[in-house]
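To start, the structure under review is shown below, and the notes come after it.
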Amino acid sequence: MGKKRWLTREIVVDTAVRLADEAGDPSAITLTAVAQALNVRVPSLYNHVASLDDLQKGLALYGLQGLLRALRDAAVGQVGVPALASMAHAYRHFAHTHPGVYPLTLRAPAPDDSDLQTLSQDLVQTLLLVLASCGLQGDDALHVVRGVRAMLHGFVMLETAGGFGLPLDKEESFARLLKAYLHGALPTQSKE
């Protein structure tokens, strides 16, 4: 296998994303698997990623960027509860579309990882802006962000693990869960 000058970090990460999503598990990604998918030898990857950890960071960056973009796009032109509902549906869709990358969006980044820190802060800030339109700010808003995140993740994980076996519409269950949580978490005037 000759030198592959066409190879870039973006191609390596995109290939890893595809493989992770096909496997539904980020831990399925190895440098060997990525090299095989690209028809190169593993040492060729080291021109673009420093290690498997570096590749995992690339997957996490991809995931956070994609999730942030999905949430922002969902909220465009909306405020309050409609914006939060649209963002919740976008979150769920992202998790289903990227089952191998989604888990890498969950962990809080290390304090010295400025790239992941920035994206995580942008994600939280996006939610805080929408919650401000509902009359929530400060610690109250941060508690709601945690609650929404836990609710969405729990529903997605149960759904993808086959935890909803009853013949009930999952969309209806999701809508009811979201409505119940927001009704309890938001100030009265913002629920209308």
Side-chain angles (χ1 to χ4, degrees), residues 13 17 20-21 24-27 53 56-161 163-164 170-192:
V13 171
V17 165
D21 286 340
D25 181 2
S27 68
D53 286 343
Q56 291 285 335
K57 179 183 174 179
L59 289 169
L61 285 168
Y62 177 95
L64 283 171
Q65 289 166 344
L67 182 57
L68 179 60
R69 186 172 40 255
L71 296 183
R72 285 180 173 167
D73 288 350
V76 168
Q78 301 182 76
V79 295
V81 173
L84 289 170
S86 292
M87 292 169 83
H89 286 282
Y91 181 101
R92 182 175 168 221
H93 179 74
F94 179 86
H96 285 295
T97 305
H98 294 288
V101 173
Y102 166 71
L104 297 172
T105 67
L106 300 173
R107 175 169 280 166
D112 62 341
D113 191 332
S114 61
D115 295 335
L116 290 174
Q117 280 286 344
T118 298
L119 280 171
S120 293
Q121 289 169 358
D122 288 350
L123 193 57
V124 171
Q125 191 59 38
T126 298
L127 290 166
L128 291 176
L129 287 171
V130 174
L131 287 171
S133 74
C134 296
L136 278 177
Q137 295 183 14
D139 287 351
D140 289 338
L142 288 171
H143 287 299
V144 171
V145 167
R146 282 182 173 174
V148 165
R149 185 176 176 217
M151 174 196 61
L152 294 174
H153 177 68
F155 192 92
V156 165
M157 295 289 45
L158 286 168
E159 188 174 29
T160 57
F164 298 135
K170 287 184 275 189
E171 300 302 321
E172 177 69 18
S173 295
F174 185 72
R176 287 181 182 209
L177 175 65
L178 186 60
K179 181 178 179 181
Y181 181 78
L182 294 178
H183 179 76
L186 299 178
T188 305
Q189 69 274 13
S190 65
K191 298 175 193 170
E192 299 157 359

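The basis for the numbers below is simple: all heavy atoms, side chains too, and nothing from hydrogens, waters or symmetry mates.
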Any side-chain heavy atom of [X] sitting closer than 4.5 Å to one from [Y]?
| X | Y | value |
| --- | --- | --- |
| Phe174 | Leu152 | yes |
| Thr160 | Met157 | yes |
| Leu186 | Leu84 | yes |
| Leu64 | Ser120 | yes |
| Leu123 | Leu119 | no |
| Leu142 | Val124 | yes |
| Tyr91 | Val148 | no |
| Asp112 | Gln117 | no |

Non-hydrogen atoms of [X] and [Y] that approach each other most closely:
| X | Y | value |
| --- | --- | --- |
| Phe164 | Lys170 | CD1-CD, 4.0 Å |
| Asp21 | Gly100 | OD1-N, 2.9 Å |
| Ala74 | Ala90 | CB-CB, 3.6 Å |
| Pro109 | Leu116 | CB-CB, 3.5 Å |
| Pro187 | Gly135 | CG-O, 4.0 Å |

Is it the case that the side chain of [X] and the backbone of [Y] share a donor-acceptor pair, with hydrogens and angles ignored and the cut-off at 3.5 Å?
| X | Y | value |
| --- | --- | --- |
| Thr105 | Gly63 | no |
| Gln56 | Pro26 | yes |
| Asp122 | Leu68 | no |
| Ser86 | Ala83 | no |

*Test side chain to side chain contact (heavy atoms under 4.5 Å, CB included) applied to Val17 and Leu59, step by step*: CA-CA 6 Å; Val17 165; Leu59 289 169; 3.3 Å; yes
*asked:* Tell me every residue that passes side-chain hydrogen bond (donor to acceptor under 3.5 Å, both in side chains) with Thr118, counting only those two or more places apart in sequence or in another chain.
replied: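 Counting only residues at least two positions away or on another chain, Thr118 forms no side-chain hydrogen bond (donor to acceptor under 3.5 Å, both in side chains).
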*Apply side-chain hydrogen bond (donor to acceptor under 3.5 Å, both in side chains) to Glu159 and list each qualifying residue two or more places apart in sequence or on a separate chain.*
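side-chain hydrogen bond (donor to acceptor under 3.5 Å, both in side chains) check on Glu159 returns Arg92, His96.
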_Please list all pairs meeting side-chain hydrogen bond (donor to acceptor under 3.5 Å, both in side chains) that have one or both residues in residues 140-154, counting only residues at least two apart or in different chains._
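Non-adjacent pairs meeting side-chain hydrogen bond (donor to acceptor under 3.5 Å, both in side chains): Tyr102-His153.
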*How would you list all residue pairs meeting side-chain hydrogen bond (donor to acceptor under 3.5 Å, both in side chains) that involve residues 67-77, not counting sequence neighbours?*
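For residues 67-77, and leaving out neighbouring residues, the side-chain hydrogen bond (donor to acceptor under 3.5 Å, both in side chains) pairs sorted by first residue read Arg72-Thr126.
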*Enter the distance from Leu178:CG to Met87:CE here, rounded to the nearest 0.5 Å.*
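Going from the CG atom of Leu178 to the CE atom of Met87 covers 11.5 Å.
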_If the condition is salt bridge (charged side-chain N to carboxylate O under 4.0 Å, His left out), which residues does Asp25 pass it with, not counting sequence neighbours?_
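With neighbours one apart ignored, the set is empty.
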*With sequence neighbours left out, write down each residue that passes ring-ring contact (aromatic ring centres under 6.0 Å, His included) with Phe94, or none if nothing qualifies.*
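Phe94: ring-ring contact (aromatic ring centres under 6.0 Å, His included) contacts with His98.
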